[in-house]
Amino acid sequence: MRVLVVEDEETLAGYIAEGLRGQAMAVDVAHDGTTALDKLLTDSYDVVVLDRDLPGTHGDEVCRQVIDQGGRTRVLMLTALAEVDDRVAGLRLGADDYLGKPFDFDELVARLDALGRRSRPAVPPVLRHDDITLDSAHRRVLRDGRPIFLSNKEFGVLAMLMAANGAIVSAEELLRTVWDENADPFTNAVRVTMHRLRAKLGEPPVIDTLPGVGYRMTGPAC
């Protein structure tokens with residue numbers, strides 16, 4: 001899942017971003033509303049974590065523009081304006097969820113996971129393919145009952161491939177969704193991550209490479 005964190009308090013923005021990256025999310029950050037709108041025009045996000053009281057373009061206007069674009073991006077307002085009237089006003093602007101500060105980080109992650117599932121075709125929290133099980137809620141992968149310890153990028157790549165249910169996923173799509181805006185589109189990061197993922201998953205191989213096209217899971221899905 002790719003997330004844009006829009007928060008003018010840089011320390012808090014960094015804390016949220018690093019925490020979400022630890023949950024295998026690709027995260028970009030904007031510290032004002034104008035920058036956020038620029039990023040939303042150039043990149044595709046599953047969820048925007050949006051403060052309301054922003055410098056530049058106000059958070060409410062950012063929310064309005066996201067909704068007016070009519071895309072799949074969901075909005076979670078994360079703000080100190082947490083009274084009932086504030087929450088009602090934010091939701092009436094079109095926000096999908098509203099969480100007041102201070103907040104519990106585990107609750108933020110759970111809400112983002114729920115919104116991420118709504119931003120695209122529903123994907124169950126537990127995916128199975130042949131003898132591989134991926135539990136996104138607990139960040140756990142098993143093969144034939146044996147735990148496989150994956151990095152965040154490896155986990156994100158495997159989750160996308162398993163969710164595709166045998167369809168081809170391009171390297172560009174993996175780079176856009178699993179990595180963040182700092183990823184070089186000409187990098188070999190996807191190829192290197194795929195090599196490490198295959199090695200950890202072991203034999204028999206379960207990921208096919210279609211040269212010049214992308215990757216897909218092989219064998220029967222469950």
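Every value quoted in this text rests on a predicted model; they were computed, and no experiment measured them.
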Just checking Arg196: does its CZ atom have more than 12 heavy atoms from other residues, nucleotides or ligands closer to it than 6.0 angstrom? no
Nearest atoms (heavy-atom pairs only) where Leu50 meets Val75: CD2-CG1, 4.0 Å
Taking His138 for the side chain and Arg140 for the main chain, is one N or O donor matched with an acceptor at less than 3.5 Å? no
Verdict with reasoning, Asp28 to Lys39, per salt bridge (charged side-chain N to carboxylate O under 4.0 Å, His left out): CA-CA 9 Å; Asp28 297 332; Lys39 291 180 182 293; 5.9 Å; no
Same apolar cluster: Val213 and Ile207, side chain cutoff 4.5 Å: no
Spatial distance of atom OG1 (Thr57) from atom CG (Asp60) [nearest 0.5 Å]: 11.5 Å
One pair to check against side chain to side chain contact (heavy atoms under 4.5 Å, CB included): Val29 and His31. What are the steps and the verdict? CA-CA 7 Å; Val29 176; His31 297 302; 3.6 Å; yes
Side-chain (Asp130) to main-chain (Ile132) donor-acceptor, under 3.5 angstrom: no
Counting distance only, does the side-chain N/O of Arg74 pair as donor-acceptor with the main-chain N or O of Val48 below 3.5 Å? no
For Val169 and Ala164, which heavy atoms make the closest approach, and how far apart are they? CG2-CB, 3.6 Å
Say whether Leu158 and Ile168 are linked into one hydrophobic cluster, either directly or through other cluster members, by side-chain heavy-atom distances under 4.5 angstrom. no
Would you say Thr209 and Arg216 are linked by a side-chain donor-acceptor pair, where the criterion is simply a distance under 3.5 Å? no
Please tell me if the side chains of Arg143 and Thr133 come closer than 4.5 Å, counting only heavy atoms from C-beta onward. no
Applying salt bridge (Lys or Arg N to Asp or Glu O under 4.0 Å), can you list everything that pairs with Glu61, at least two apart in sequence or on another chain? Arg64
Take Met194 and Leu161 through the test side chain to side chain contact (heavy atoms under 4.5 Å, CB included) and record every step on the way to the result. CA-CA 11 Å; Met194 196 67 68; Leu161 292 175; 4.2 Å; yes
Shared hydrophobic cluster for Val178 and Val192 (ILVMFWY, side-chain gaps under 4.5 Å): no
Side-chain contact, heavy-atom cut-off 4.5 Å: Met77 with Leu99? no
For Phe105, enumerate each residue passing the ring-ring contact (aromatic ring centres under 6.0 Å, His included) test, keeping only those at least two apart in sequence or located in another chain. Tyr15
Do Asp51 and Asp8 have side-chain heavy atoms sitting under 4.5 Å apart? yes
Would you name the heavy atoms of Tyr215 and Ala171 that are closest together and state the gap between them? CE1-CB, 4.3 Å
Report yes if some heavy atom in the side chain of Leu112 is under 4.5 Å from a heavy atom in the side chain of Leu20; otherwise report no. yes
To the closest 0.5 Å, what do you measure between CZ (Arg139) and CZ (Phe149)? 16.0 Å
Are Asp97 and Leu115 close enough that some pair of their side-chain heavy atoms sits under 4.5 Å apart? yes
Treating Ile, Leu, Val, Met, Phe, Trp and Tyr as nodes and any side-chain heavy-atom pair under 4.5 angstrom as an edge, say whether Met25 and Leu12 lie in one connected cluster. yes
Please report the closest heavy-atom contact between Cys63 and Ala95, naming both atoms and the distance. SG-N, 3.7 Å
Criterion salt bridge (charged side-chain N to carboxylate O under 4.0 Å, His left out) on Arg2 and Asp46, from CA distance to verdict: CA-CA 5 Å; Arg2 190 163 182 185; Asp46 295 296; over 6 Å; no
Go through it in stages, so that I can follow the logic: the residues are Lys101 and Glu7, the test is salt bridge (charged side-chain N to carboxylate O under 4.0 Å, His left out), and I'd like the CA-CA distance, side-chain angles, deciding distance and then a yes or no. CA-CA 12 Å; Lys101 300 175 184 175; Glu7 168 60 59; 2.6 Å; yes
Starting at CD1 of Ile16, measure out to CG of Leu78 and round the result to the nearest 0.5 Å. 5.0 Å
Between CG on residue Leu37 and CD on residue Gln65, distance to nearest 0.5 Å: 4.5 Å
Between Tyr98 and Arg52, does any side-chain donor sit less than 3.5 Å from a side-chain acceptor? yes
Side-chain donor/acceptor of His129 to backbone N/O of Ala163, under 3.5 Å: no
For Thr35 and Asp38, does a side-chain donor sit closer than 3.5 Å to a side-chain acceptor? no
I'd like to check Tyr45 versus Val3 (side-chain heavy atoms, cut-off strictly below 4.5 Å). Are they in contact? no
Write down the atom of Ser136, the atom of Phe155, and the distance for their closest heavy-atom approach. CA-CZ, 3.9 Å
Side-chain heavy-atom pair Leu54, Asp32 within 4.5 angstrom cut-off: no
Not counting sequence neighbours, list each pair that qualifies as a side-chain hydrogen bond (donor to acceptor under 3.5 Å, both in side chains) and has a residue in residues 146-162. Ser151-Glu154, Glu154-Lys200
So do the side chains of Leu40 and Val66 get within less than 4.5 Å of each other, counting heavy atoms only? yes
